[in-house]
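Each chain gets a letter, A, B and so on, in the order the sequences are listed, and its residues count up from 1. The figures that follow rest on heavy atoms only: side chains count, while hydrogens, waters and symmetry mates do not.
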Amino acid sequence: MSEEKSLNFLEEIVEADLASGKYKFILTRFPPEPNGYLHIGHAKSICLNFGLAATYGGQTNLRFDDTNPVTEDTEYVDSIKEDIRWLGFHWANEFYASDYFDTLYEYAVTLIKKGLAYVDDSSSEEIAKLKGTPTEPGKDSPYRNRGIDENLRMFEDMKAGKYADGEKVLRAKIDMAHSNMLMRDPIIYRIKHAHHHRTGDTWCIYPMYDFAHGQSDSIERITHSICTLEFVPHRELYDWFIEKLGIFPSHQYEFARLNMTYTVMSKRKLLQLVTEGHVTGWDDPRMPTISGFRRKGYTPESIRMFAEKIGVARRENLIDLSLLEFCLREDLNKRALRVMAVLDPVKLVITNYEEGKTEDLISENGPDEHLGTRHVPFSRELWIEREDFMEVAPKKWFRLAPGSMVRLKSAYVVQCTGYSKDEAGRVTEIQCEYFPESRSGSGSTEFQVKGTIHWVSVPHAETAEVRLYDRLFKVENPAAEEGDFKEYINPDSLQVIEKAYVEPSLLLATMDDRYQFIRKGYFCLDKEAQPGKMIFNRTATLKDTWVKQQSGES
RNA sequence: UGGGUUAUGGUGUAACGGCAGCACUACAGAUUUUGAUUCUGUCUGUCUAGGUUCGAAUCCUAGUAACCCAACCA
């Protein structure tokens with residue numbers, strides 16, 4: 001009984017192309033513009049492009065689409081490369097559209113010579129006016145029928161820097177009445193006296209996306225050029241340039257971009273969050289950027305699993321954030337080292353435990369044996385979680401309450417004998433007695449308690465800052481709401497606990513390790529941590545059916 | 001009022017004229033020294049109206065809805 005794995009539409013196309021002999025091997029490319037950080041939507045595209053090629057024995061190029069020098073920067077180039085590597089992919093070649101500026105210029109000259117391009121002196125306003133609207137045809141520019149020689153000379157002068165920005169553009173000569181707006185004599189070169197991050201001041205004219213992307217694909221002999229749905233109308237132009245230039249016919253295929261609940265996914269919006277200080281930077285753990293997820297503690301494996309599960313299709317989608325979290329927990333549950341940390345402490349005193357005594361207990365690092373064990377110090381006074389005690393317990397309460405018994409994880413069963421409060425009515429201390437024979441691992445079976453709680457020995461406790469993150473937006477689809485998307489930012493997306501108590505083994509924590517603070521969630525060390533100053537980011541909470549039950553009943 | 005694209009449970013995604021399946025979510029239960037994990041089960045779906053066919057999510061016709069296109073951005 002072989003499970004037949006169904007193919008997505010791109011895999012079907014590739015298989016058909018391979019089967020028909022159209023291509024012997026396939027070459028894809030990932031083409032980011034270096035003007036921002038990569039986000040989880042790009043991760044989908046990366047997994048798709050690299051994954052598809054790898055599945056069918058092909059390769060993938062990394063090509064920076066750097067045709068607009070005013071918005072692009074090497075900072076972005078570096079971050080993009082780091083993110084792709086971190087995700088676990090290897091590009092066959094690192095290319096730049098700017099590598100092809102000479103060729104692209106020649107292609108433009110070719111079009112002029114064929115009478116398929118012309119220099120237009122119109123202002124951008126005039127060009128826009130003559131462009132028409134989706135329902136009305138455009139009108140020809142007065143410069144449309146310039147002679148080839150004059151066009152050639154003027155284009156050369158554009159390149160030579162004889163004109164100011166915006167004074168002239170080179171346009172393809174197609175059809176001003178075309179039903180596809182992109183075919184109404186699109187601008188293919190514009191003048192920008194700007195410093196380019198790679199070509200410096202060599203050029204003052206730069207090709208537009210449509211005149212760079214398809215040709216770059218063609219130059220690299222990309223077989224399957226995969227992009228998102230909003231480029232569907234561009235395909236006609238893409239094909240037009242390839243045909244008129246008579247160059248290698250790459251083909252463009254489009255898929256639906258990723259949208260995810262409780263976040264925004266456009267670079268423009270993400271840039272706003274950064275520049276307006278709603279987050280601390282592109283790698284703020286609340287950002288849907290790859291660097292943000294990395295800093296928050298996500299693993300490459302979890303993101304790849306997510307990309308696999310969401311599939312690839314051509315319909316608009318809004319993926320539930322919980323699917324990403326599911327993939328994360330699936331991975332972290334296997335690898336995270338279990339440790340104990342108390343985030344909201346209250347003191348527990350074991351009145352029948354010898355004062356000044358310390359026991360060195362052995363605790364497993366996780367349910368799976370390969371994670372090993374570690375030593376955890378135990379003593380008479382412990383920090384426990386304030387929420388693990390209730391003066392008046394509700395039904396089905398498994399934790400501490402006057403008279404109740406709980407297991408202290410990896411240690412003893414204790415029974416609550418009393419508690420103290422301050423004038424404000426706040427619990428300041430809980431007293432209990434322990435049962436020496438109930439020690440963990442002793443094999444005693446007489447203590448059947450429902451609840452197990454975590455703890456940290458008071459004299460051995462280390463302190464750490466803990467950052468708890470919640471979703472960045474209050475609504476499922478902030479981009480679709482009325483008004484400014486920033487009105488929907490969740491004001492409680494970050495909660496900082498200045499002083500949490502953690503077990504001493506965490507002194508050895510590294511950036512590479514993932515931890516589960518038992519019963520509290522998955523955590524990792526933040527990059528801002530210093531020797532003597534531990535800082536942990538909450539990667540994700542654990543599922544909590546108790547909280548769910550309670551909120552459901554109230 | 002033009003052109004393009006897409007419609008399958010709450011969310012994604014399969015089916016290629018022949019039993020609408022899988023995953024997430026939600027809910028219920030079992031196990032548990034994490035109210036986690038694990039395991040078992042339950043609910044919910046073919047945009048609408050016609051037609052073709054023994055048989056339609058799939059083919060045809062007509063609608064409807066959503067998204068994209070009028071940057072010298074990509």
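- Annotation: B:rA56 and B:rG63 have their P atoms spaced 24 Å apart (nearest Å).
- Within the nucleic acid shown, A:R399 comes within 4.0 Å of at least one base atom, counting heavy atoms only.
- Remark: A:K192 is not positioned above the aromatic ring of A:Y206, lacking an NZ or CZ atom under 6.0 angstrom from the ring centre and at most 45 degrees off the axis.
- Among the atoms of the strands shown, none is found under 4.0 Å from any heavy atom of A:E476.
- A distance of about 42 Å separates the C1' atoms of B:rC60 and B:rC27, rounded to the whole Å.
- Rounding to the nearest 0.5 Å places CG of A:D210 at 5.0 Å from CG of A:L237.
- Nucleotides B:rA23 and B:rC39, compared at atom P, are 11 Å apart to the nearest Å.
- Using a 4.0 Å heavy-atom criterion, one finds that A:K192 contacts the sugar-phosphate atoms exclusively.
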Item to complete: Begin with the C-alpha distance, continue with both residues' side-chain angles, and end with the deciding distance and a verdict on ring pair (Phe, Tyr, Trp, His ring centres under 6.0 Å) for A:H234 and A:Y238.
Response: CA-CA 6 Å; A:H234 293 252; A:Y238 183 105; 9.8 Å; no

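- Looking at heavy-atom distances under 4.0 Å, A:S123 makes contact with a base.
- Ring geometry, A:F378 versus A:W455: the interplanar angle exceeds 60°, so the pair is classed perpendicular (tilted spans 30 to 60°).
- To the nearest 0.5 Å, atom CZ of residue A:R304 and atom CG of residue A:D331 are 9.0 Å apart.
- Counting only N and O atoms by type, the side chains of A:N35 and A:E72 include no donor and acceptor under 3.5 Å apart.
- For the P atoms, the distance from B:rG9 to B:rA14 is 13 Å, rounded to whole Å.
- Residue A:Y206 is out of contact with every strand shown, counting any heavy-atom pair closer than 4.0 Å.
- Judged purely by atom type and a 3.5 angstrom limit, A:Y37 has no side-chain atom pairing as donor or acceptor with the backbone of A:L271.
- Both A:F398 and A:E136 lie close to RNA chain B; mapped to their nearest nucleotides by heavy-atom distance, the more 5′-ward contact belongs to A:E136.
- A:E325 comes within 4.0 angstrom of nothing in the nucleic acid, heavy atoms only.
- Nucleic acid contact class of A:I310 (heavy atoms, under 4.0 Å, all strands): sugar-phosphate only.
- Nucleotides B:rC16 and B:rU58, compared at atom C1', are 7 Å apart to the nearest Å.
- Counting non-hydrogen atoms under 4.0 angstrom, A:R338 reaches a base of the nucleic acid.
- Looking at heavy-atom distances under 4.0 Å, A:T545 makes contact with sugar-phosphate atoms alone, never a base.
- B:rA7 and B:rG18 are spaced 24 Å apart, taking the C1' atom of each and rounding to whole Å.
- With both ends at atom C1', the span from B:rA36 to B:rG55 equals 49 Å, rounded to whole Å.
- A:N180 comes within 4.0 angstrom of no nucleic acid atom, judged by non-hydrogen atoms across all strands.
- The residue A:L542 sits close to a base: some heavy atom pair falls under 4.0 Å.
- For the atom pair A:R338 CZ and A:R519 CZ, the distance stands at 14.0 Å (nearest 0.5 Å).
- Among the atoms of the strands shown, none is found under 4.0 Å from any heavy atom of A:H178.
- Helical stems in RNA chain B, defined as runs of 3 or more consecutive Watson-Crick or G-U wobble pairs with both donor-acceptor distances under 3.5 Å, are listed by first residue as B:2-7 with B:64-69, B:10-13 with B:21-24, B:26-30 with B:38-42, B:47-51 with B:59-63.
- In the 5' to 3' direction, nucleotides of RNA chain B lying under 4.0 Å from heavy atoms of chain A begin and end at B:rU1 to B:rA74.
- Of the residues listed (A:V339, A:V342, A:L542), the one engaging A:F517 in a side chain to side chain contact (heavy atoms under 4.5 Å, CB included) is A:V339, and it is the only one.
- A residue-by-residue look at A:P207 and A:F9 shows that A:F9 has its nearest nucleotide of RNA chain B further toward the 5' end.
- Listed by residue number, the members of residues 405-413 of chain A with any heavy atom below 4.0 angstrom from RNA chain B are A:R407, A:K409, A:S410.
- Annotation: side chain of A:M390 is not in contact with side chain of A:L400 (no heavy-atom distance under 4.5 Å).
- A donor-acceptor contact under 3.5 angstrom links the side chains of A:N365 and A:R374, judged on distance only.
- Within 4.0 Å (heavy atoms only), A:V169 reaches at least one base atom of the nucleic acid.
- Rounded to the nearest 0.5 Å, atoms OH (A:Y96) and CZ (A:F64) are 5.0 Å apart.
- Remark: the A:Y262 side chain and the A:N477 side chain contain no N/O donor-acceptor pair separated by less than 3.5 Å.
- Taking the syn range as angles within 90° of 0, the glycosidic angle of B:rA7 is outside it, so the base is anti.
- For the residue pair A:D73/A:H197, the side-chain donor-acceptor check at 3.5 Å is not satisfied.
- With both ends at atom P, the span from B:rA65 to B:rG17 equals 31 Å, rounded to whole Å.
- The residue A:I319 sits close only to the backbone: its heavy atoms come under 4.0 Å of sugar-phosphate atoms, none of a base.
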